[in-house]
Amino acid sequence: MEHQNIVVLDFGGQYNQLIARRVRECGVYCEVKPYTTPVDEIRAMNPIGMIFTGGPNSVYDPAAPQADPELFQLGVPVLGICYGCQLLAHNLGGRVIAAAEDTAREYGKTETFFDTSCKLFKGLPETGVSWMSHGDYMEKVPEGFRLYAHSAACPNVAIADEERGFYGVQFHPEVNHTEHGSDMIRNFLYQVCGAKGDWTMGDYKKNAIRQIREKVGGGKVLLALSGGVDSSVAAALLAEAVGKQLTCVFVDHGLMRLNEGDEVEAAFAKWDIQFIRANAGERFLNQLAGVTEPEQKRKIIGEEFIRVFEAEAKKIGQVDYLVQGTIYPDVIESGLGSAAVIKSHHNVGGLPDYVDFKEIIEPLRMLFKDEVRQLGRELGLPEYLVSRQPFPGPGLAIRCLGEVTGDKLDLLRQADFIFRDEIAKAGLEHTMDQYFAVLTNMRSVGVQGDGRTYDYTVVLRSVTTSDFMTADWTRIPYDVLDRVSVRIVNEVPHVNRIAYDITSKPPATVEFE
């Protein structure tokens, strides 16, 4: 089945992923493409509309990214956001200049007034807060365009040529700070582009299963299963598609949370697949003995994971296809065209050269994390696995500061379980995006049972975020933190002090190491 498609053209904006997510959330498929994508390639995608992202440049700078003029001849609607709005004006006969110091420059939350006769703002309040971030000003609006929104400082916050389907907004409707921003994007998709809302995970599942079966035929498939959401959903999808032709190798490095290895194994018991659990905890601990530097820990764990995976894979014999749990943010963050590389992703961590496979299968490559979770539900994975919080590949090793030992891991597992248990009992698990305990390498004096102790400090960490690029510390109620503290110092040996981390990202990172 061919889905309707929106092309999000990236001009270096920091919110390109977020724009695409908002479109997908409205039930419309979209892809992020670099602004350098040839027009013929975009035309071949047969989009029902295009969205130009923001960007850090000024459109009048000769070195700034530019839109190919042919894009405006494709006969499809265009929504320009911030820099994308100024591109519309710049390309279609308007004039953009640097704004004066005392007017037209806007940053942050701004009261905005909307003309709701415009399709983009249909059915929305006439006044609202929008998120601005622009230092340039449209001195002249192109012929055929009208002004449809203004603020106290800027008369042309939104422009449109509704006859041609060209819309531009100086603000960012994709961010939560803009009131009714998602509704504006939905209006563009449905009121302007004529979207049908044909993008669902139920349909995706059916189509993906059919395509996998056609590709694999009677071949053997191998998947390295970490127990995380992405690899678990990929495994469930492949299991549904090819059954016993799939072998999942679950490398249990002994650095998972309490009972997590057993939960992963139980989750896949319902599928008729070859499931291998390699219990390698002792092997990993031996490699980590005496190591305290965080980056060295990560490298050791990554290398050892591959060595264990290699050893188990050799027992299987000839493999035709290798499955990776790559998801769309991995693709975007690894660099689109000339876009900045945020971080390079390499699922499976490095491929064993002895595996003679025909092809790598990446069934989640075009899905965002929330879509991956929904696909998991469609496939019947248990909710505790589908809604599992992000968990670092090195596991508890980077939440156990200093040297990693079996005894310290046991303390950390217990403390972490108590924290998660009390959050669940308070019904707060859906109010935060990641929360966990950290066993520090710091010891301090305490008093327990009328005696002096000199034991570990556990730090609790919880953040709320929409994308993990930035994060704010969670305001957990004091009574909940009190229950967690009391339980940990009473139930976990060798811990006598609890601290709560109230540092946001930046300047801190979510994880400690």
Side-chain angles (χ1 to χ4, degrees), residues 201-253 256 260-280 305-328 330 345-367 371-382 384-386 388 393:
M201 284 302 98
D203 281 342
Y204 183 86
K205 182 186 82 168
K206 294 174 189 174
N207 292 328
I209 288 172
R210 174 181 53 78
Q211 291 166 2
I212 290 167
R213 285 173 179 165
E214 290 174 356
K215 180 188 291 287
V216 170
K220 283 187 176 181
V221 183
L222 180 65
L223 183 145
L225 181 63
S226 70
V229 176
D230 301 334
S231 68
S232 296
V233 173
L237 184 62
L238 267 292
E240 191 92 0
V242 298
K244 284 190 174 180
Q245 294 165 246
L246 171 68
T247 298
C248 290
V249 178
F250 170 43
V251 178
D252 186 348
H253 49 28
M256 302 185 79
E260 206 154 35
D262 294 338
E263 290 174 354
V264 171
E265 186 172 2
F268 288 93
K270 61 172 279 193
W271 275 284
D272 189 17
I273 61 172
Q274 305 295 325
F275 183 93
I276 298 172
R277 178 176 178 177
N279 291 303
F305 181 91
I306 295 302
R307 299 285 81 83
V308 176
F309 177 62
E310 287 174 342
E312 294 298 329
K314 281 179 180 176
K315 302 173 187 176
I316 299 167
Q318 179 66 36
V319 173
D320 299 292
Y321 297 92
L322 188 68
V323 180
Q324 294 190 145
T326 308
I327 65 173
Y328 203 30
D330 299 345
H345 294 260
H346 55 285
N347 298 301
V348 187
L351 306 178
D353 55 15
Y354 67 84
V355 179
D356 183 18
F357 53 88
K358 295 178 182 177
E359 195 173 334
I360 296 174
I361 297 175
E362 297 177 315
L364 313 179
R365 185 178 177 84
M366 301 309 293
L367 301 184
E371 294 172 319
V372 172
R373 294 187 196 278
Q374 186 55 39
L375 178 59
R377 296 182 183 100
E378 293 281 348
L379 288 161
L381 280 173
Y384 68 78
L385 195 59
V386 171
R388 183 179 186 234

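- Closest heavy-atom contact between Ile212 and Pro363: CD1-CB, 4.2 Å.
- With sequence neighbours excluded, no residue forms a salt bridge (charged side-chain N to carboxylate O under 4.0 Å, His left out) with Glu378.
- Residues meeting the side-chain contact (heavy atoms from CB on, under 4.5 Å) test with Ala266, sequence neighbours left out: none.
- With sequence neighbours left out, the side-chain contact (heavy atoms from CB on, under 4.5 Å) criterion links Ser231 to Leu225, Ser226.
- Among residues two or more places apart in sequence or in another chain, the ring pair (Phe, Tyr, Trp, His ring centres under 6.0 Å) test is passed with Phe275 by none.
- Here the side chain of Tyr204 pairs no donor or acceptor atom with the backbone of Glu371 at under 3.5 angstrom.
- Considering only residues two or more places apart in sequence or on other chains, Lys215 meets the salt bridge (charged side-chain N to carboxylate O under 4.0 Å, His left out) condition with Glu359.
- Distance check, rounded to the nearest 0.5 Å: CZ of Arg377 to CG of Leu385 gives 11.0 Å.
- Residues Tyr321 and Val216 come closest through the heavy atom pair CE1-CA, 3.8 Å.
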List the steps, then state whether salt bridge (Lys or Arg N to Asp or Glu O under 4.0 Å) holds for Glu310 with Lys314. CA-CA 6 Å; Glu310 287 174 342; Lys314 281 179 180 176; 5.9 Å; no
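- Between Leu222 and the choices Asp320, Val249, Val323, the side-chain contact (heavy atoms from CB on, under 4.5 Å) rule is met once, by Val249.
- Residues that satisfy the salt bridge (charged side-chain N to carboxylate O under 4.0 Å, His left out) test with Glu265, not counting sequence neighbours, are Arg277.
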